[in-house]
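Here the structure is laid out as structure tokens; the discussion comes afterwards.
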Amino acid sequence: MRPAPTILHLDMDAFYASAEQAAKPSLRGKAVVVGGLGPRGVVATASYEARVLGVHSAMPTAQARRLAPNAAYLVPRFSLYRSVSEQVMELLGRLSPLVEPLSLDEAFVDLEAGGVADDTVSARRTGERLRTAIREVTGLSGSVGLAGSKMLAKIASEQAKPDGLVLIEPGTERELLAPMPVRTLPGVGPATGDHLRRAGMTTVHDLAEAGEAELVRLVGKAHGHGLYRMALGLDDRPVVAERDAKSVSVEDTFDVDLHDRVRVRAEVERLAVRCVERLRSADRSGRTVVLKVRRYDFSTLTRSETLRGPTDDPTVVREAAARLLEAVDTTGGVRLLGVGVTGLADFTQEDLFAQAADARELAARESAARASDVSDRPVAEDSEPVEEEPESAEQLAARRWPAGHDVHHTAHGHGWVQGSGVGRVTVRFEEPGGPVGRVVTFRVDDPELSPADPLPLVRDPVDYSSWPASLPKSRSGPVSAAGGESRP
């Protein structure tokens, strides 16, 4: 534990949904839900207006629609979220060399290591100015927690939501934590929380009073020791700048189960190419290819193949994933497919061409063996091939014109898709920072309408190249008695 609150935790407020509201003037102040929109879709993020109606992350989209039928339901635009995240992380990097990103919208910062804070006053001032800088550069708000440890800084940022700052003074940790529910502590999920509740422990104070020995008896040695230390407010984990990814993967859930083996293989190969694109964007390579298959009955199978050396060759990964698929029975139907690469490295196998050739040769031999095996089998007279139903015009339109994605029209300019169906696509033409735009409907095959890249949320952002030596004055509100910042 540090004697000063110099560990900062930043959490952007309802990040995906807030970015969509900032990009689309007509959605300001309205309920917005971002996630999968199909029958099996799941909510990724909901705006605060939607949360009031009971919608939350990880909820099935179908349930969200029942709770908030008038909300705007949008397909994620990860290219936009990544670009905004890069802007935020650049600001954090200017504060300290020790920045530990947890996701696109969340990170820890060691302010002491950056020399920008060494006591309560300087830490609060830096946190307030960071919030101002984020709003100036991205147009979005972030909540900041400051404390002497990572655990407490994260708890503080949660208390600060939305759009606030909370600082926990060193020495007040136990008093602050005592009345909080046990689920507040990291690592205490629903199952552990329910187990502790049955033992009569519902607050952090109850855990501290129970003692280490009792917690070890209840939840095991490793978890019990850690839980007791957290209940006392103790956390010595440092901010780690490098958090190496252990794997890179992509997966898709299908609205309708796939039965056609050819279609399943094509999807696996498409996912393999996407996976390699992510791998290359991270300047990494990998040695083990992993295939994930979730079948019609929700049973999930994983298969893996370790290559001779790390690679980022799409041919090698694609063909390895296809070979793995051959060992999986997909007769009953497939609802989800995923391809991943583990055993990451910063270099690639030198003899990639030989490796790819070896893979193709092996695949050819296996294919010939399967063909020979099949030709020797008797074929039932009444057997019929299982054909996958072709996608409907509605499905094709939804795939080409995802709700919320950017488009450009030669006459009307930039806009975003409000929805599509019955051979039509409805577009609202507006840009970030502008007025609410007009709505126009087109045929889905209109030659003047085309997909477009997202526009920046802030057209002319404030220059923060001198950050943090020269900072604008803070525009934060008065400090509350609890050590945080009052929020409207």
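Counting from 1, the numbers follow the sequence of the chain as shown.
Between Val317 and Val289 the shortest heavy-atom distance is O-CG1, 4.1 Å. Annotation for Ala46 and Ala17: closest pair C-CB, 3.9 Å, computed over non-hydrogen atoms. The two residues Cys275 and Val341 make their nearest non-hydrogen contact at SG-CG2, 3.8 Å. When all heavy atoms of Asp312 and Val276 are compared, the closest pair comes out as O-CG1, 3.2 Å. Minimum heavy-atom separation, Ser304 to Val290: CB-CG2, 4.1 Å.
Glu430 places a side-chain heavy atom less than 4.5 Å from the side chain of Trp416. The side-chain heavy atoms of Leu185 and Met151, taken from C-beta on, include a pair separated by under 4.5 Å. When side chains are defined from C-beta on, Asp235 does not count as touching Leu152, because their heavy atoms never get closer than 4.5 Å. Taking the side chain as every heavy atom from C-beta outward, Glu448 and Phe442 never approach each other to under 4.5 Å. Under the 4.5 Å side-chain criterion, counting only non-hydrogen atoms from C-beta, Thr426 is in contact with Val439. Side-chain contact between Leu291 and Val339 is present, with heavy atoms from C-beta onward closer than 4.5 Å. A heavy-atom distance below 4.5 Å is not found between the side chains of Leu218 and Leu227. No side-chain heavy atom of Val33 sits less than 4.5 Å from a side-chain heavy atom of Glu49.
A salt bridge links Arg459 and Glu431; the closest N-O separation between the charged side-chain nitrogens and carboxylate oxygens is under 4.0 Å. A salt bridge does not link Lys154 with Asp11: none of the charged nitrogens is closer than 4.0 Å to a carboxylate oxygen.
Side chain to side chain, Asp110 and Ser96 fail the donor-acceptor criterion of an N or O pair below 3.5 Å. A donor and an acceptor atom, one from each side chain of Arg287 and Thr306, are nowhere located under 3.5 Å apart.
For Arg335 and Phe298, the positive end sits near the middle of the six-membered ring, less than 6.0 Å away and at most 45° from its axis. With Tyr73 as the aromatic partner, Arg65 meets the cation-pi criteria of under 6.0 angstrom to the ring centre and within 45 degrees of the ring axis.
Taking the six-membered ring for Trp and thresholds of 30 and 60 degrees, Phe78 and Tyr16 have ring planes more than 60 degrees apart, a perpendicular arrangement.
By the neighbour-count criterion of 12 heavy atoms within 6.0 Å, atom CZ of Arg198 is densely surrounded, having more than that number from other residues, nucleotides or ligands. More than 12 heavy atoms of other shown residues, nucleotides or ligands fall within 6.0 angstrom of atom CG in Asp252. Counting non-hydrogen atoms of neighbouring residues, nucleotides and ligands closer than 6.0 angstrom, the CZ atom of Arg295 exceeds 12 such neighbours.
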Q: Check step by step if side-chain hydrogen bond (donor to acceptor under 3.5 Å, both in side chains) holds for Thr311 and Ser285.
A: CA-CA 5 Å; Thr311 181; Ser285 60; over 6 Å; no
